[in-house]
Amino acid sequence: MSILNADLHCHSTVSDGTLTPEALAARAHANGVELWALTDHDEVGGQHRARAAAQALGLRYLTGVEVSVTFASVTVHIVGLGFDPDHPALLQGLAATRGGRGERAQEMSEQLAKAGIPGAYEGALKYVGNPELISRTHFARFLVESGVCRETNEVFRKYLTEGKPGFVPHRWARLGDAVRWIREAGGVAVIAHPARYSHSATQEYALFSEFKEHGGQGVEVVTGSHAPSEYGKYADLAIEFGLAASRGSDFHSPDESHTDLGALPYLEGRLTPVWELIADRVQ
Ligand code: AMP
Ligand code: MN
Ligand code: MN
Ligand code: MN
C-alpha cells in the first residue's frame with residue numbers, strides 16, 4: 001500500500017550523519033515513521049544497532065545501505081534494502097568501495113591548503129564517527145566551524161564540487177557490481193535521488209536501462225533530495241521502466257537537513273511501493 005509513512009533513506013554517525021543509529025530510530029518513531037531503514041554510505045556497520053533500536057520501539061525495520069557508484073563519469077548512489085547485512089560478497093564489495101576514501105581525503109586537504117585553508121584533513125577527522133568513512137560532508141562541517149562558509153551547502157558550492165578547489169575526482173564501484181552485491185545478499189537495488197545527477201537525458205536513460213539489465217528493481221521518487229516538482233517525472237520514469245518506487249528523507253542532521261525523518265508526501269497510488277517487493281524482509 002502507498003499510504004505508509006516509510007522512510008527508507010537516512011544517515012547515522014556510522015557514515016556522515018550526526019545522530020547515532022539509536023537516536024535516529026527514536027526520532028523516526030517520534031515523527032510517526034511506520035517502516036524505517038538506515039542507509040549509511042558504503043557501510044553496514046550500523047545495521048544491527050539500528051534494527052535492535054527499531055525493534056525495541058516496535059518500529060518495523062528494513063536493512064539498508066547507500067553505495068557510491070561511478071556511471072558515465074558521474075557519481076551515482078544506489079540504495080540497497082532488505083538484504084542480509086552479514087553477507088560476505090556485500091561486505092567485501094563495500095570494504096573495497098570505502099578503500100580509497102582516506103587517500104582522497106588527504107588529496108582534498110592538500111588542495112584546500114593550496115586554496116588558503118590549512119589543516120582540513122585533521123579538522124574533518126574531528127567530525128568522523130567511522131575512520132573508514134571520511135566524506136566530503138565532514139570537510140564541509142569543518143569549513144563551517146572555521147568560518148570559511150556559513151553553511152555546508154555553501155561549502156559544496158564553493159569548494160567540494162567538480163571544478164572547485166577542494167574537489168578530487170574519484171572512481172567508485174561499478175553500477176553492475178553494486179547491484180550484484182545487493183542482490184546476492186537477498187536485497188533490492190534502488191536508484192537514489194535520480195534528479196541530483198548531472199547526466200544528460202541520454203545518459204539518464206542509459207542509467208535506468210543498464211540498472212534494469214543488471215537486475216535493479218526500484219527508484220526513489222519521493223525523497224528529501226528532490227524538489228517536489230521533480231516527483232512527477234520520476235514517478236513517470238518508474239512506471240515506464242517497470243521499477244518500484246521508494247520514499248526517504250535522506251536525513252543527515254537536525255542542523256543541516258531540510259527534510260526531517262518521515263516528513264514527506266506519500267507515494268502516488270499508481271506506483272508500486274518498493275517495500276511490497278520485500279515484505280518478507282521487514283523485521
Ligand atoms: P562523498 O561520498 O564523500 O563524496 O560525500 C557525499 C555526501 O556529501 C552526500 O552524501 C551528501 O551528504 C553530501 N553532499 C553532497 N552534495 C551536497 C550539497 N550540495 N550540500 C550539502 N551536502 C552535500
Ligand atoms: Mn551523505
Ligand atoms: Mn546520496
Ligand atoms: Mn543519502
Side-chain angles (χ1 to χ4, degrees), residues 9-13 15-19 39-42 66-79 100-129 133-172 191-201 203-204 207 220 222-231 233-234 248-260 263-264:
H9 190 147
C10 68
H11 300 273
S12 76
T13 45
S15 65
D16 61 348
T18 62
L19 301 184
T39 56
D40 278 310
H41 295 286
D42 308 325
E66 181 174 22
V67 187
S68 310
V69 159
T70 302
F71 182 83
S73 308
V74 170
T75 299
V76 164
H77 287 166
I78 301 296
V79 163
R101 280 186 179 268
E103 213 171 298
R104 168 192 186 235
Q106 298 274 11
E107 282 181 44
M108 285 171 63
S109 185
E110 284 165 28
Q111 290 203 21
L112 288 169
K114 283 184 204 154
I117 303 162
Y121 181 76
E122 293 71 22
L125 270 187
K126 286 191 295 180
Y127 292 92
V128 168
L133 217 293
I134 182 160
S135 90
R136 286 185 291 162
T137 312
H138 303 114
F139 280 85
R141 290 186 185 134
F142 169 66
L143 265 64
V144 171
E145 171 206 302
S146 47
V148 175
C149 292
R150 291 171 54 138
E151 52 156 12
T152 50
N153 242 319
E154 186 188 345
V155 184
F156 277 90
R157 207 168 56 243
K158 293 187 176 164
Y159 292 99
L160 302 182
T161 39
E162 188 140 15
K164 299 298 157 63
F167 181 75
V168 173
H170 192 75
R171 183 157 288 280
W172 301 104
I191 300 174
H193 44 62
R196 284 254 306 268
Y197 310 130
S198 58
H199 292 131
S200 66
Q203 286 169 332
E204 182 179 72
L207 170 65
E220 285 183 350
V222 173
T223 146
S225 289
H226 282 182
S229 59
E230 291 162 335
Y231 298 162
K233 170 181 172 181
Y234 291 96
S249 56
D250 208 354
F251 181 80
H252 283 70
S253 162
D255 300 326
E256 297 165 12
S257 297
H258 301 297
T259 306
D260 206 337
L264 289 164

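- Closest approach of Asn153 and His258 over heavy atoms only: ND2-NE2, 4.0 Å.
- The existence of a salt bridge linking Glu204 and Lys233 is confirmed by a sub-4.0 Å separation between a basic side-chain nitrogen and an acidic carboxylate oxygen.
- Counting only heavy atoms from C-beta outward, the side chains of Ile191 and Ile78 approach each other to under 4.5 Å.
- The distance from the SG atom of Cys10 to the CG atom of Asp40 is 7.5 Å, given to the nearest 0.5 Å.
- For the atom pair CZ of Phe251 and NE2 of His9, the computed distance is 12.5 Å after rounding to the nearest 0.5 Å.
- His77 contributes no side-chain N or O that, together with a main-chain N or O of Thr75, makes up a donor-acceptor pair within less than 3.5 Å.
- Counting heavy atoms from C-beta on, the side chains of Glu220 and His226 never come closer than 4.5 Å.
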Go through it in stages, so that I can follow the logic: the residues are Ile134 and Leu125, the test is side chain to side chain contact (heavy atoms under 4.5 Å, CB included), and I'd like the CA-CA distance, side-chain angles, deciding distance and then a yes or no. CA-CA 7 Å; Ile134 182 160; Leu125 270 187; 4.0 Å; yes

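- Counting only distance, with no hydrogens or angles, the side chain of Thr152 and the backbone of Arg141 share no donor-acceptor pair below 3.5 Å.
- A distance-only check finds no donor-acceptor pair linking the side chain of His193 to the backbone of Thr223 [under 3.5 Å].
- The shortest non-hydrogen separation linking Gly224 to Leu264 is N-CD2, 3.8 Å.
- No side-chain heavy atom of Val76 sits under 4.5 Å from any side-chain heavy atom of Thr70.
- Across all non-hydrogen atoms, the minimal contact from Ser225 to Asp250 is OG-OD2, 2.7 Å.
- Of all the heavy atoms in Arg136 and Leu160, the pair that sits closest is NH1-O, 2.9 Å.
- Heavy atoms only, all atoms of each residue included: Tyr197 and Leu207 are closest at CD1-CD2, 4.3 Å.
- A 4.5 Å side-chain heavy-atom check between Arg101 and Ser68 finds at least one atom pair inside the cut-off.
- Atoms CD and NZ, on Glu145 and Lys126 in that order, are 3.5 Å from each other to the nearest 0.5 Å.
- Taking all atoms of both residues into account, the shortest heavy-atom contact from Met108 to Gly166 is CG-O, 3.4 Å.
- For Ser257 (side chain) and Ser253 (main-chain N/O), a donor-acceptor pair under 3.5 Å exists by modelled atom type.
- Note that NE2 of His11 is 8.5 Å distant from OG of Ser249, once rounded to the nearest 0.5 Å.
- Around atom CD of Glu103, no more than 12 heavy atoms belonging to other residues, nucleotides or ligands sit under 6.0 Å away.
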Audit row: Phe139, Ile117, side chain to side chain contact (heavy atoms under 4.5 Å, CB included) steps and yes/no: CA-CA 11 Å; Phe139 280 85; Ile117 303 162; over 6 Å; no

Working note: Asp42 + Val67, criterion side chain to side chain contact (heavy atoms under 4.5 Å, CB included); need CA distance, chi angles, decisive distance, verdict. CA-CA 5 Å; Asp42 308 325; Val67 187; 4.1 Å; yes

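- Rounded to the nearest 0.5 angstrom, Asp16 CG and His138 NE2 are separated by 5.5 Å.
- At most 12 heavy atoms of other shown residues, nucleotides or ligands fall within 6.0 angstrom of atom CD in Glu162.
- Listed for the Thr161 side chain is a donor-acceptor partner under 3.5 Å among the backbone atoms of Phe156.
- Between Leu112 atom CG and Tyr159 atom OH the span is 8.0 Å, to the nearest 0.5 Å.
- With a 6.0 Å radius and a threshold of 12 heavy atoms from other residues, nucleotides or ligands, Lys114 has its NZ atom at or below the threshold.
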Apply side chain to side chain contact (heavy atoms under 4.5 Å, CB included) to Val148 and Val155, showing your working. CA-CA 8 Å; Val148 175; Val155 184; over 6 Å; no

